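Notes follow the structure.
Bear in mind that the values here come from a model prediction, so they are computed numbers and not experimental data. We use all heavy atoms of the structure for the numbers below, so side chains are in, but hydrogens, waters and symmetry mates are not.
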Amino acid sequence: MRRRGKLMRRDAGEGPVSYLLVLLIIALIIGLLAAAGNAGIGGTVTDNIEAAICRVYSGESCKPKPPPPKVDPYEPKQDCWTDITDRTGELAVTVDIRYFAVRGGHRVTMTTRRVLEPDGKVRYDVIVSPNVELGVATPVFPGNVDPLVWAVLQGTAGRIYSFPASQFGGDENKTKDAALKFADKLWIDQAQNDALAVAQAAPLVGPMLQIPGAKNLLKGGGNWFVEKTSPLTKHLPFIGDNIERATQAPDRDVNDPDQSFYEGGPSVGFNLDVAVVPGKLSLWAAGRGFLNVGNRINHKNEKYHNNYYLKLNGEGDAAFNLSLDAFLPKRKNPGGPDDKGGGDRKNVGGTDKEQIGTFEDWVNRVEKILSEKTGQPVTLPTSTKSKLQAIWPMVGLDIKGKAARMQILSTDTKGRPTQLRTITEWQWIFSWRALAGVDELLTGKHRKGGIPGQPDHNIGVGFVQGTIAGRKYLTQSILDLDGPEHAENLSRTADYFQEMAASALLQGNVAGALDFTNLTPEAKAFNDYISKNGQTYRQIYDSDATTFVGFGKTIRGSKFVRILPVFEPETNKLIGAEYLNPQEGWKPWTHCTR
């Protein structure tokens, strides 16, 4: 009996193993049946057997593993720009010489860009782009039509600083805060550089700045002064918050950017202001175009170290301005005995008190106050009314458009081509605007050397624009050129550049521009080649811009000076992204929008 008990205990231990062997034999038989054509029955039984095996082996049923996600070879493995914020400040001065005018300008754009990398990590890029321009412009034209055309040479020396979230423990909020503070630090630093550049032209200060180390000493003193006075200057309007944040920026060397770029080329533009009905209705239009050749140096990347590019871009906008009188209801004899406050106007305070509504109402009110104060009737002269009319507010609508195309050829540190990137961008912004200004006529006795019969003017206008709606579209195409597997890509790229250069030389720059902007059959064929052998993707942004513009013009006879300061903050938030699969069309780029 004792022996039998041992055998029973041994059999109890071998039971599951024996059961497993039986199931395997059955599974083999079912597999043979499936191979013989009974796949439906065999597959079902096999599934049940596999489930039984799992229960015996692990005590629970096995869940089927999901199939691996399908990888689309055309899906971009590139950085995604999810938010782009620009702050642009510009000052342009045009001075009449004799038969023509000289135009000079300085523009600084500070960009903060949120970047989602292919591996899901986040970084913030801070880009500072100081630009200078110098050229010629047309002289002033008398009358209600004020045109200005100019041609300049312009150049930019910019820097890019990257802030990976990994440097801040993966905390994106801390990363963004550090990037914004550093952008304000660069803003302060650029302002000091500009001030020193202006000071170099001063008779006494200029020679002192030539002393070795004098500039750095002044900049160091300026940074110290900004930091010490920030408790007070932080209360200043518009710039106070920037000054305070700049003093809290991370301690990073501004002379050690991750990337730097240099570009330059010609630019032409125009302004046109037409007073259709002076003080009542005016039309305004402006536009300019750029041609830039440049190189962006990536100091942290050996494969894409030098990035040579050619860029064409242009912008233009048009607006109409209408006096507020056109939007306010009219009254007969405002404030008089027949004004009972009826209709669509309320006569606040009774019929003996007037409301300030249209310009005529406002002038009548001023005359009445002056009459009450002096005790005798006062009527403003016509010339005074004309000056007051010039500062009466106007409102209007503006439509602005921008377009750019850029081709970048990247090379490694040894000069070998590694990538071709084509970037196409266009944007439109529809805005409201409000403006007011002064138009002062000076008599001959105020003029010095003026031409008789041509009155002098001091004209000043300021306006603000706010976005009603706006969109930005950014399309990029990428073709890899490095390695033997991309030899055909490199050959096709070389042929394309040779064809484009030949068109520009033999047929003129217009033919080259048509090739560059993808408007010729050869360019379209090459673009199709990139679509099939590279990656093409586009991003769509919701654009919002607020523009502050001041315009001043002083005319002394036939001479004039124009001053145009501009400040424009702009934000672009990603609302959609997709990539091109040549067989399936445009598909959602989920990595970019998650």
Side-chain angles (χ1 to χ4, degrees), residues 74 76-79 81 84 111 113 127 129 154-156 158 160 259-267 289-298 301 303-315 402-412 415-427 472-482 486-539 579-580:
Y74 292 100
K77 302 174 181 62
Q78 306 293 333
D79 290 341
W81 302 342
I84 306 173
T111 302
R113 184 171 63 196
I127 308 168
S129 308
Q154 46 84 33
T156 300
I160 304 176
Q259 302 180 57
S260 55
F261 58 94
Y262 308 90
E263 63 181 45
S267 176
F290 300 85
L291 171 61
N292 279 315
V293 177
N295 180 26
R296 176 171 52 84
I297 304 171
N298 193 330
N301 194 310
K303 184 176 181 179
Y304 307 111
H305 183 70
N306 285 298
N307 303 269
Y308 304 99
Y309 58 88
L310 176 66
K311 180 169 64 174
L312 283 174
N313 61 310
E315 58 185 55
K402 297 180 181 179
R405 186 170 175 86
M406 182 177 183
Q407 285 189 332
I408 309 173
L409 178 64
S410 300
T411 66
D412 59 18
R416 294 171 299 197
T418 55
Q419 189 181 82
L420 177 68
R421 183 186 294 257
T422 301
I423 302 176
T424 304
E425 175 185 337
W426 68 281
Q427 179 188 44
K472 181 176 182 177
Y473 302 85
L474 181 65
T475 303
Q476 301 195 51
S477 296
I478 298 173
L479 189 66
D480 291 327
L481 306 176
D482 58 324
H486 298 135
E488 178 65 17
N489 293 350
L490 182 60
S491 176
R492 292 293 295 266
T493 300
D495 292 343
Y496 166 72
F497 280 122
Q498 290 175 3
E499 190 277 332
M500 186 170 61
S503 296
L505 292 175
L506 299 178
Q507 304 177 40
N509 291 330
V510 174
L514 292 176
D515 276 343
F516 182 77
T517 52
N518 199 34
L519 295 178
T520 62
E522 295 80 6
K524 292 180 179 179
F526 182 66
N527 186 68
D528 291 339
Y529 179 83
I530 295 178
S531 300
K532 296 177 182 178
N533 298 275
Q535 295 177 338
T536 299
Y537 60 97
R538 61 188 178 193
Q539 297 164 265
Y579 68 94
L580 179 62

Q.
Tell me whether E425 is salt-bridged to K472, with the criterion being a basic N under 4.0 Å from an acidic carboxylate O.
A. yes
Q. Would you say I127 and F261 make side-chain contact, with heavy atoms under 4.5 Å?
A. yes
Q. Out of curiosity, N533 CG to D528 CG, how far, rounded to the nearest 0.5 Å?
A. 10.5 Å
Q: Measure the shortest side-chain to side-chain distance between Q476 and Q539 over non-hydrogen atoms and say whether it is less than 4.5 angstrom.
A: yes
Q | Test item: side-chain donor near acceptor, Y309 and N292, under 3.5 Å | A | no
Q: Report yes if some heavy atom in the side chain of T422 is under 4.5 Å from a heavy atom in the side chain of R405; otherwise report no.
A: yes
(Q) Tell me every residue that passes ring-ring contact (aromatic ring centres under 6.0 Å, His included) with Y308, counting only those two or more places apart in sequence or in another chain. (A) none
Q. Okay, side chain of T493, backbone of N489: is any donor-acceptor separation there less than 3.5 Å?
A. yes
Q: Locate the shortest heavy-atom distance separating S267 from G289; write the atom from each residue and the value.
A: OG-O, 3.0 Å
**Q.** Distance in Å, L481 CG paired with L420 CG, rounded so as to fall on 0.5 Å steps
**A.** 6.0 Å
Q | Residues in salt bridge (Lys or Arg N to Asp or Glu O under 4.0 Å) contact with D412, at least two apart in sequence or another chain | A | R416
Q. Which distance, rounded to the nearest 0.5 Å, do you find between the NE2 of H486 and the CG of L479?
A. 8.0 Å
(Q) With no hydrogens and no angle check, just 3.5 Å: does a side-chain donor-acceptor pair link Q407 and Y496? (A) yes
Q. Are side-chain heavy atoms of K311 and E263 found at a separation under 4.5 Å?
A. yes
Q. Has the side chain of T418 got a donor or acceptor atom that lies under 3.5 Å from a matching backbone atom of S410?
A. yes
Q.
Between N295 and N307 (side chain of the first, backbone of the second, donor and acceptor by atom type, cut-off under 3.5 Å), is there such a pair?
A. yes
Q: Could you grab the distance from atom CD1 of I530 to atom CG of L580, nearest 0.5 Å is fine?
A: 11.5 Å
Q. Is the closest side-chain heavy-atom distance between I160 and R296 below 4.5 Å?
A. yes
Q | Contacts of D480 that satisfy salt bridge (Lys or Arg N to Asp or Glu O under 4.0 Å) - sequence neighbours left out | A | none
(Q) For Y473 and T424: C-alpha separation, side-chain torsions, deciding distance, then whether side chain to side chain contact (heavy atoms under 4.5 Å, CB included) applies. (A) CA-CA 8 Å; Y473 302 85; T424 304; over 6 Å; no
Q) Is there a donor-acceptor pair under 3.5 Å between the side chain of Y74 and the backbone N or O of K532? A) yes
**Q.** Donor-acceptor contact present, side-chain Q154 to main-chain G265, <3.5 Å
**A.** yes
Q.
I need the Q419 CD to D482 CG distance, nearest 0.5 Å.
A. 8.5 Å
Q: Flag the pair Y529 / E488 as yes when at least one side-chain heavy-atom distance between them is below 4.5 Å, and no otherwise.
A: yes
